[in-house]
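The first residue of the sequence shown is numbered 1, and numbering continues consecutively from there. Every heavy atom of this structure was used, including side-chain atoms; hydrogens, water molecules and symmetry mates were not. Not measured: the values here are computed from a predicted model.
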Amino acid sequence: MPTSTPPEPVRDMGELRHRLERGARPAAQHRVGLEHEKVSVLADGSAPTYEGAIAPLLERLAEGAGWRRVMEGDHVIALERGTASVSLEPGGQFEFSDEPRATARACAEVLDAHLAELTGPAAALGIQWLACGFRPLGTLDEVPWMPKGRYAVMREYLPRRGRLGHEMMKRTTTVQANLDFADEADCAEKMRVGMGITSLVTALWANSPLVDGRPAGYQSYRAACWLEMDDDRCGLLPFVFEAGLETQLFRRYAEWALDVPMFFVHRRGQYLPAGGMTFRRFLAEGFHGERATMADWELHLSTLFPEVRLRPYIEMRAADAGTRGMVKALPALYRGLLYDGEARRAAWELVAGWSFAERQALRRDVPRRGLAAEVRGQRIHDRCRALVEIARAGLARLGDDTTLLDPVLEVAETGRTYADRMLAAYQAAGGDVAAFIAAIRL
């Protein structure tokens, strides 16, 4: 009977750097990827349970749409079809991840197809999807945990590292764009611009003003949760803004990741708590007789949450989930900004002069004030408007669909965010949960 060959242990630091740089590809092959999380609710606004609705929905999708079940023990925890996937976040949020596409228009079409496929099976189970970045109804304790082993370890670890760790896990939702790079210098430039504009994007996509069923004084409570999560693995990375990154990025990112405490080590189907051990120590000493492998490194990289994350591609993580139009706008924005050299340079000029302390202060200001947040006494609204215009010009030069940016352009021009619209819908509903859900449904 054939046996599988155990993975080889990592031999040296060079292998870890190589894993980051292996994503490099010629510019002609650059694509943009979309990942979209969404909040599910029942008719009364409550969160569906795994047994009552989430698992049956996964089963219906597997049976009717050709998805392959991904099991953990007796539980379906995800679906895969080709390189696309549907997976569960800790509080039952659904995440759709598609293979990278050549254009933002192609990403938009795939999103429409995914939502169309999801609508019928979900409706049959009484599930509705909300266009928001934070579950607006119910309390934290009323949201059930999903039965995934990695979440059980994170559930224990994160509250020791930040007050809102469970809030982030169970109630936040985001939309994310993934981008390619040509080489280390190209990756460094895109990382720097992406991290430099992260607070502008958070302000433009702000869409989470309600907590526990009432206004909380925030434009993006999702972003506020990330301020009180785990500083070891979250936020802005100062070295991204330092000189010489063009030849040092992969080493600097790997060095940073090596010193972030690990959540767990995965062996024989089990997530074993790592007790705060860093990957550097795992590499040097092992863990209960286990040596660090490249699969361990890739798993560890997936548990790091900076505002821009590097894997074999670049992940932009600054935005609240929102309406279908705003979800489609995010890959369009980043494709226009980062795949066009002129746009990339113009975007950096908007934020290049800020110190790291000013970037940190803005990141703390934006969750509450959104477009009204300030740097050096000036509101960022004008910079946000300019950023969208730069992206639109870049997208046009790439020959992509600039109308995808219309929803965010309206936010930038009017100053009225989707958080403002949600608050208006909340007031108009007057306590009628069904009316409020209908107003903010995806």
Problem - Non-hydrogen atoms of Arg369 and Asp365 that approach each other most closely - result: CD-OD1, 2.9 Å

Handout entry: N/O donor-acceptor pair under 3.5 Å between Thr202 side chain and Ala318 backbone
Key = yes

Problem - Cationic tip of Arg317 above Phe305 ring, under 6.0 Å, 45° of axis - result: no

Problem - Expected output: side-chain Lys328 to main-chain Cys107 donor-acceptor under 3.5 Å - result: no

Exercise for the section: Check whether any side-chain N or O of Arg359 sits under 3.5 Å from a backbone N or O of Val351 as a donor-acceptor pair, and report yes or no. Expected result: yes

Fill in the blank from the handout: Of Leu164, Leu210, Thr172, Asn207, the one forming a side-chain contact (heavy atoms from CB on, under 4.5 Å) with Tyr221 is Leu164

Fill in the blank from the handout: Nearest heavy-atom approach of Arg150 to Leu299 is NH1-CD1, 3.7 Å

Handout entry: Aromatic Tyr418 / basic Arg421 pairing, under 6.0 angstrom, 45° off normal
Key = yes

Problem - Arg392 side chain near Glu389 side chain, heavy-atom distance below 4.5 Å - result: yes

Practice task
For Lys38, check side chain to side chain contact (heavy atoms under 4.5 Å, CB included) against everything at least two apart and list the hits.
Solution key: His36, Phe94, Phe96, His114, Leu115, Leu118, Trp129, Leu442

Exercise for the section: Please check if atom CZ in Arg251 has more than 12 non-hydrogen atoms from other residues, nucleotides or ligands closer than 6.0 Å. Expected result: yes

Exercise for the section: Please check if the side chain of Arg163 supplies one atom and the backbone of Pro159 the other of a donor-acceptor pair under 3.5 Å. Expected result: no

Problem - Heavy-atom pair of closest approach, residues Cys187 and Leu249 - result: SG-CD2, 3.4 Å

Problem - Donor-acceptor side-chain pairing of Asp420 and Thr417 below 3.5 angstrom - result: yes

Practice task
May I ask you to check whether Trp67 and Glu59 show a side-chain donor-acceptor distance below 3.5 Å?
Solution key: no

Practice task
Starting from the C-alpha separation in whole Å, work towards a yes-or-no answer on salt bridge (Lys or Arg N to Asp or Glu O under 4.0 Å) for Asp400 and Arg335.
Solution key: CA-CA 9 Å; Asp400 210 339; Arg335 184 165 192 261; 2.9 Å; yes

Exercise for the section: Establish, yes or no, whether a centroid distance under 6.0 Å links the rings of Phe279 and Trp297. Expected result: yes

Practice task
Without swapping roles, check the side chain of Glu358 against the backbone of Ser355 for a donor-acceptor pair under 3.5 Å.
Solution key: yes

Practice task
Give a yes or no on whether the backbone of Leu338 and the side-chain of Arg344 come within a donor-acceptor separation of less than 3.5 Å.
Solution key: yes

Exercise for the section: May I ask you to decide if the ring planes of Trp256 and Phe239 are parallel, tilted or perpendicular, using 30° and 60° as cut-offs? Expected result: tilted

Practice task
Write down the atom of Leu387, the atom of Ile197, and the distance for their closest heavy-atom approach.
Solution key: CD1-CG2, 4.0 Å

Practice task
State, yes or no, whether a side-chain contact exists between Leu179 and Met316 at a heavy-atom distance under 4.5 Å.
Solution key: yes

Handout entry: Gap separating the CH2 atom of Trp145 from the CE atom of Met169, nearest 0.5 angstrom
Key = 4.0 Å

Exercise for the section: Could you tell me whether Phe250 and His18 have their ring centroids closer than 6.0 angstrom? Expected result: no

Completion exercise
dist Glu167:CD -> Arg171:CZ (nearest 0.5 Å) comes out at 4.0 Å

Exercise for the section: Consider only side-chain N and O atoms of Thr173 and Glu37, and report whether a donor and an acceptor are under 3.5 Å apart. Expected result: no

Exercise for the section: Decide yes or no for Gln128 and Ile437: does some side-chain heavy atom of the first lie under 4.5 Å from some side-chain heavy atom of the second? Expected result: yes

Problem - Spacing of OG belonging to Ser97 relative to CD belonging to Glu80, to within rounding of 0.5 Å - result: 10.0 Å

Exercise for the section: Could you pull out the closest heavy-atom pair between Leu125 and Pro56, with the gap in Å? Expected result: CD1-C, 3.8 Å

Handout entry: Ser220 vs Val366 side-chain heavy atoms within contact, under 4.5 Å
Key = no

Handout entry: Donor-acceptor pair, side chain of Arg309 and main chain of Leu304, under 3.5 angstrom
Key = yes

Handout entry: pair Arg31-Tyr313: side-chain heavy atoms closer than 4.5 Å
Key = no

Handout entry: Any side-chain donor near an acceptor of the partner, Gln29 and Asp180, under 3.5 Å
Key = no

Handout entry: Pair Tyr218-Arg368, side-chain donor/acceptor within less than 3.5 Å
Key = yes

